[in-house]
Student: 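First, the structure itself, so that you have it in front of you.
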Amino acid sequence: MGLIGQVNHIRDFFEDPNAYDNRTVAVSGWVRTLRDSKTFGFIELHDGTCFKNIQIVFDEKLSNFKEITKLTIGSSLKIQGKLVKTPQAKQPFEIQAGEIVILAVSSQSNPIQKKRHTFEYLRTIAHLRSRTNTFNAVFRVRSILAYAIHKFFNERGFVYVHTPIITSVDAEGAGEMFQVTTLELDKIKHPIDYAKELLGRKTFLTVSGQLPVEAFCMGFRNVYTFGPTFRAENSNTPRHATEFWMIEPEIAFADLEDDMKLAEEMMKFIFTYVLENASQEMAFFNQFIDKGVIERLEKVIHSDFGVTTYTEAIELLNKADQKFEYDTNWGANLQTEHERFLSEKIFKKPVFVIDYPVGIKAFYMFHNEDGKTVRAMDLLVPGVGEIIGGSQREDREDVLLQRMKEEGMSEDVYGWYLDVRRYGSFPHAGFGLGFERVLMYITGMKNIRDVIPFPRTPNQAAF
RNA sequence: UCCGGAGUAGCUCAAUGGUAGAGCGGGUGGCUGUUAACCACUAGGUUGGGGGUUCAAGUCCCUCCUCCGGAGCCA
């Protein structure tokens with residue numbers, strides 16, 4: 001006989017308190033905090049089924065009363081008692097315990113204390129931090145957000161494609177790559193014979209699923225990938241991690257306008273879904289992490305995203321009454337300060353910047369007639385910066401081949417990618433959405449290390 | 001990787017070159033409705049590592065390490 005059916009879930013109490021009022025219930029969970037007096041006490045119990053805890057009242061009529069008052073934070077319990085409403089108190093209802101079974105007492109050296117901890121400290125105990133209010137809320141929202149993304153694409157007929165994590169496609173222009181090898185590095189002879197690799201060639205962890213997903217776009221029209229990606233950059237910022245998750249849709253018979261429309265619809269859909277399905281967590285973020293985050297999300301849901309060309313953006317920045325550390329000059333990348341000024345001060349909402357100079361964008365982007373720009377788009381959001389990067393793809397085989405030659409890319413490795421243009425080319429477009437960056441925007445968390453369960457950043461691969 | 005800041009009790013932080021402290025957390029006791037509970041008592045230290053200056057270094061100098069922030073790279 002299993003244990004699961006023997007207890008109620010706190011989540012159900014909050015969803016329909018009337019159904020349990022004055023009824024005998026059983027719960028299991030962990031002590032979040034405990035207060036006791038001479039003849040009675042209170043436990044706040046967390047059972048993992050929802051953000052909120054339930055208050056347990058216990059008194060000296062229990063045979064193990066003295067033991068219970070000595071319980072430490074984190075100790076696990078099974079409790080039977082009566083659920084009663086408490087309209088005059090802070091909590092809506094509580095359980096008056098008839099029996100408390102102590103399953104395990106937590107060691108008093110538990111690093112999670114009944115006090116406020118800094119996020120920096122909690123990162124050093126990432127395996128324990130899901131027991132705190134903030135991280136419990138962050139990671140439940142992470143789960144709900146992932147579901148919302150799948151739901152969005154599924155409802156629109158997109159096919160979910162599992163693109164490879166190990167790839168031989170080098171230098172996609174998206175950053176440094178981790179090399180994957182089965183060769184014994186301490187015994188390796190130079191020059192390295194990559195034919196001796198288990199996979200028969202030099203391989204890496206993927207920096208993007210875009211190229212393979214484009215191939216599947218030929219068969220299914222609208223597709224997306226959603227999986228981990230890896231960048232071996234020595235980036236030390238609150239917005240970068242070496243391992244992160246990315247969503248990459250690819251749509252057929254579509255141009256850049258369709259691409260932006262999809263991005264905007266998706267953002268609005270997932271924001272709405274999280275607000276509706278994580279209301280307790282969002283209320284917590286709004287009160288303790290980032291005051292006003294709910295209002296900001298609602299504003300985005302009800303506003304039209306801005307659009308400006310790169311060339312116009314440069315003009316807007318030059319006209320602005322604002323000193324920048326770096327000058328804006330056509331042909332150079334926009335600096336972070338420029339991007340923030342555009343989204344936070346000029347547009348005051350998410351804004352697409354489109355039609356970037358050829359020289360600062362990837363080889364596969366569609367070339368405009370002006371010969372100077374490509375059909376690329378970046379979506380900038382206040383506070384987080386670049387959250388989406390996408391483009392209409394170059395679907396003309398000759399133009400693409402020319403660009404690949406200029407980049408020195410070998411047809412051996414990329415020939416299959418040209419086939420997507422060779423056997424019935426079609427206009428198509430897509431984008432990459434940084435999953436953690438959306439999560440930061442939604443929760444108001446300021447550091448990417450605090451929205452990844454076990455973050456990998458330079459010097460950090462513990463757990 | 002570059003620039004800046006910080007490393008002192010379990011945690012968050014004090015300490016003019018001169019006896020290393022507080023709050024929280026822990027432990028013990030008290031308290032008849034608490035919810036950041038409250039009150040009393042108590043234990044707890046290789047001041048990030050190494051080297052140097054000085055009668056004397058947490059404090060000044062050199063160096064290394066780590067973390068945080070800004071920049072770059074980008075999602």
Side-chain angles (χ1 to χ4, degrees), chain A residues 32-45 52-60 66 69-70 72-73 84 86 88-92 94 96 106-125 132-133 172-176 206-210 226 228-248 263 288 325-326 332-337 339-340 360-362 378-381 384-390 431-441 446-452 457-460 462:
Chain A
R32 269 291 173 81
T33 178
L34 182 149
R35 300 170 286 275
D36 70 279
S37 283
K38 189 178 186 178
T39 60
F40 65 96
F42 305 93
I43 296 168
E44 281 202 39
L45 193 80
K52 289 189 176 167
N53 308 316
I54 192 164
Q55 175 161 290
I56 312 292
V57 193
F58 62 97
D59 63 28
E60 60 182 344
K66 205 67 197 171
T69 64
K70 305 265 187 223
T72 43
I73 306 227
V84 292
T86 51
Q88 73 293 345
K90 279 191 183 176
Q91 72 287 350
E94 65 189 16
Q96 291 170 346
S106 171
S107 164
Q108 66 186 38
S109 66
N110 185 356
I112 304 280
Q113 303 173 351
K114 195 161 74 179
K115 72 184 285 293
R116 197 186 150 76
H117 293 294
T118 60
F119 293 153
E120 285 88 347
Y121 170 67
L122 290 169
R123 271 172 223 150
T124 69
I125 48 168
T132 63
N133 281 334
E172 289 170 15
E176 294 296 312
T206 183
V207 291
S208 163
Q210 187 205 310
F226 183 3
T229 45
F230 307 87
R231 305 276 167 91
E233 300 282 335
N234 189 11
S235 296
N236 291 285
T237 85
R239 307 184 305 285
H240 292 86
T242 58
E243 178 179 321
F244 64 98
W245 283 56
M246 191 153 61
I247 298 101
E248 294 172 289
F288 294 107
E325 194 180 339
Y326 292 90
N333 265 310
L334 294 174
Q335 300 288 318
T336 296
E337 57 174 342
E339 294 185 340
R340 292 190 60 169
I360 56 173
K361 285 292 179 184
D378 282 358
L379 179 63
L380 314 177
V381 295
V384 171
E386 189 181 337
I387 200 166
I388 281 176
F431 61 82
L433 167 72
F435 182 59
E436 284 80 9
R437 292 201 179 162
V438 202
L439 188 54
M440 289 166 72
Y441 190 70
K446 298 291 183 288
N447 196 308
I448 198 167
R449 301 168 180 102
D450 297 328
V451 299
I452 298 177
T457 50
N459 276 315
Q460 186 53 264

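Residue numbering restarts at 1 for every chain, and letters A, B, ... go by the order of the sequence lines.
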Student: Nearest to the side chain of A/Asn459 - B/C74, B/C67, B/C68?
Tutor: B/C67
Student: Between A/Tyr441, A/Phe244, A/Phe226, which is the residue that forms a ring pair (Phe, Tyr, Trp, His ring centres under 6.0 Å) with A/Phe435?
Tutor: A/Phe226
Student: Which whole-number value in Å describes the distance from A/Phe230 CZ to B/A75 C1'?
Tutor: 14 Å
Student: Return a single string for nucleotides 23-39 of chain B, one symbol per nucleotide in 5' to 3' order, where B is base contact, S is sugar-phosphate-only contact and - is none, cutoff 4.0 angstrom on heavy atoms.
Tutor: -BSSS-S-BSBBBSB--
Student: Looking at every strand, decide which applies to A/Arg32 at a 4.0 Å heavy-atom threshold: base, sugar-phosphate, or nothing.
Tutor: nothing
Student: Would you find a donor on one side and an acceptor on the other, under 3.5 Å apart, between the side chain of A/Glu337 and the backbone of A/Glu325?
Tutor: yes
Student: Locate the shortest heavy-atom distance separating A/Thr457 from A/His240; write the atom from each residue and the value.
Tutor: CG2-O, 3.8 Å
Student: Expressed in whole Å, how much space separates the C1' atoms belonging to B/U59 and B/C74?
Tutor: 42 Å
Student: What I'd like to find out is whether the side chain of A/Gln55 reaches to under 4.5 Å of the side chain of A/Arg35, using heavy atoms alone.
Tutor: yes
Student: Does OP1 or OP2 of B/U12 have a side-chain N or O of A/Thr118 closer than 4.0 Å?
Tutor: yes
Student: Answer yes or no: is there a side-chain heavy-atom contact under 4.5 Å between A/Arg123 and A/Asn447?
Tutor: yes
Student: For a quick test of reading the model: is some side-chain N or O of A/Arg123 closer than 4.0 Å to OP1 or OP2 of B/C68?
Tutor: yes
Student: Mind checking A/Phe244 for me? I need base, sugar-phosphate or nothing, with any heavy atom below 4.0 Å counting as a touch.
Tutor: base
Student: Between B/C68, B/U1, B/G72, which one does the side chain of A/Ser235 approach most closely?
Tutor: B/G72
Student: Are any of A/Arg340's side-chain N or O atoms less than 4.0 Å away from OP1 or OP2 of B/A71?
Tutor: no
Student: With a non-hydrogen cut-off below 4.0 angstrom, is A/Phe119 in contact with a base, only sugar-phosphate, or nothing?
Tutor: nothing
Student: Distance between the P atoms of B/G23 and B/A14, in whole angstroms?
Tutor: 16 Å
Student: Rounded off to whole Å, could you give me the CD-to-C1' distance for the A/Gln335 and B/C74 pair?
Tutor: 13 Å
Student: Check whether A/Thr237 reaches the backbone of A/Arg239 with its side chain - one donor and one acceptor, N or O, closer than 3.5 Å.
Tutor: yes
Student: Using atom C1' of each nucleotide, how far apart are B/C65 and B/G44 to the nearest Å?
Tutor: 27 Å
Student: If we take the C1' atom in both B/A15 and B/G27, what is their distance in whole Å?
Tutor: 27 Å
Student: Distance between the P atoms of B/U42 and B/U35, in whole angstroms?
Tutor: 26 Å
Student: Quote, to the nearest angstrom, the C1' distance that separates B/A20 from B/A9.
Tutor: 10 Å
Student: Do A/Lys361 and A/Asp378 have side chains that approach each other closer than 4.5 Å (heavy atoms only, starting at C-beta)?
Tutor: yes
Student: Using centres under 5.5 Å plus planes under 30 degrees as the test, is A/Phe435 stacked with B/A75?
Tutor: no
Student: Under a 3.5 Å distance rule, please check whether A/Thr229 uses its side chain to pair with a backbone N or O of A/Ser208 as donor and acceptor.
Tutor: no
Student: When the P atoms of B/C64 and B/G4 are compared, how many Å lie between them, rounded to an integer?
Tutor: 14 Å
Student: When you measure from the side chain of A/Glu94 to the backbone of A/Val84, do you find a donor-acceptor pair of N or O atoms at a distance under 3.5 Å?
Tutor: no
Student: Starting at the 5' end of RNA chain B, what dot-bracket string do you get if Watson-Crick and G-U pairs under 3.5 Å are bracketed, crossing pairs use [ ], other-strand pairs use | and unpaired bases use dots?
Tutor: (((((((..((((....[..)))).(((((.......))))).....(((((..]....))))))))))))....
Student: Does A/Asn234 place a side-chain N or O at less than 4.0 Å from the phosphate oxygens OP1/OP2 of B/G72?
Tutor: no
Student: Return the minimal non-hydrogen interatomic distance between A/Thr242 and A/Pro458, and the atom names on each side.
Tutor: CG2-CD, 4.1 Å
Student: What's the gap between B/U54 and B/G18 when it is taken at their C1' atoms, as a whole Å value?
Tutor: 12 Å
